[in-house]
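First, the structure itself, so that you have it in front of you.
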Amino acid sequence: MARVAIGDLGTGIDDFTEAIGLEPNDDTAWSCRSAALQEKGDFAAAKSDIDEAIARKPEVAFYRSQRAHLAVAQARWDSAIADASGALCLGPNDVNAYKARSWAWREKQAWASC
């Protein structure tokens, strides 16, 4: 993640790809590569990777919160609300899930439905 943190997205993505090749069930590697891909603007690949992380560890609230933020970045409000709500069912103290859900509700102007 260090390479991604300093802005070297390409090398960071390559490192995560190598890690996934060595250990395909490493949910953290899938999640980290997803975050790097989202930062790069490759939303389709980012979604595919976070879906892989969730498939491997569906009980991790953070992954659903991460997918909710990805949906917000794509203006997919219903998906963002659903994923953020799912994250909150798994981890009711997930501040990032509350943020994603509130942004989606605001953009969708669905405050009356909460």
Side-chain angles (χ1 to χ4, degrees):
M1 206 57 192
R3 292 179 197 257
V4 172
I6 62 170
D8 188 359
L9 293 175
T11 304
I13 291 167
D14 290 345
D15 288 349
F16 291 124
T17 300
E18 185 175 343
I20 290 166
L22 294 170
E23 183 53 61
N25 288 320
D26 183 351
D27 54 291
T28 303
W30 287 102
S31 172
C32 289
R33 189 171 75 172
S34 174
L37 288 164
Q38 181 177 347
E39 183 72 22
K40 184 180 172 186
D42 189 345
F43 296 134
K47 169 104 173 35
S48 177
D49 278 9
I50 197 58
D51 287 346
E52 290 290 340
I54 291 169
R56 283 158 176 75
K57 287 260 180 96
E59 70 276 9
V60 177
F62 173 77
Y63 297 158
R64 293 180 191 275
S65 180
Q66 183 178 347
R67 190 167 66 183
H69 280 274
L70 177 60
V72 166
Q74 296 175 283
R76 294 184 304 107
W77 311 127
D78 291 332
S79 294
I81 291 166
D83 277 325
S85 295
L88 291 168
C89 286
L90 295 169
N93 295 323
D94 186 338
V95 173
N96 289 318
Y98 283 110
K99 287 178 186 178
R101 191 168 69 174
S102 67
W103 289 332
W105 273 340
R106 181 192 66 214
E107 294 302 319
K108 188 177 175 180
Q109 299 180 346
W111 290 107
S113 66
C114 56

So OG of S34 and CD of E39: to nearest 0.5 Å the spacing works out to 11.5 Å

Set of side-chain contact (heavy atoms from CB on, under 4.5 Å) partners for A71, sequence neighbours left out: R76, S79, A80

Tell me the ring-ring contact (aromatic ring centres under 6.0 Å, His included) pairs involving residues 27-64, sequence neighbours left out? none

Spacing of CD1 belonging to I50 relative to SG belonging to C32, to within rounding of 0.5 Å: 9.0 Å

Let me have the donor-acceptor pairs involving side chains of residues 82-90, under 3.5 Å, with sequence neighbours excluded, atom names and distances please.
from : atom 1 : to   : atom 2 : distance (Å)
D83  : OD1    : R67  : NE     : 3.1
D83  : OD1    : R67  : NH2    : 2.7
D83  : OD2    : R67  : NE     : 2.9
S85  : OG     : I81  : O      : 2.9
S85  : OG     : R101 : NH1    : 3.2

Any side-chain heavy atom of L70 sitting closer than 4.5 Å to one from Q66? no

Please identify each residue that fulfils salt bridge (charged side-chain N to carboxylate O under 4.0 Å, His left out) with D26, with sequence neighbours left out. none

Measure across A29 and I20 and return the closest heavy-atom pair with its distance rounded to 0.1 Å. CB-CG1, 3.7 Å

E52: side chain to side chain donor-acceptor pair (under 3.5 Å) partners, not counting sequence neighbours: R56

Is there a side-chain contact between D49 and S31, using heavy atoms and a 4.5 Å cut-off? no

Hey, what do you get for CH2 (W103) to CH2 (W77), rounding to the nearest 0.5 Å? 10.0 Å

Rounded to the nearest 0.5 angstrom, the CG-CD distance for L9 and Q38 is 11.5 Å

D78: side-chain contact (heavy atoms from CB on, under 4.5 Å) partners, not counting sequence neighbours: K108

What do you reckon, is CD of E18 surrounded by more than 12 foreign heavy atoms closer than 6.0 Å? no

R33 side, atom CZ; D15 side, atom CG - distance, nearest 0.5 Å: 11.5 Å

Are the side chain of S65 and the backbone N or O of A61 linked by a donor-acceptor pair below 3.5 Å? no

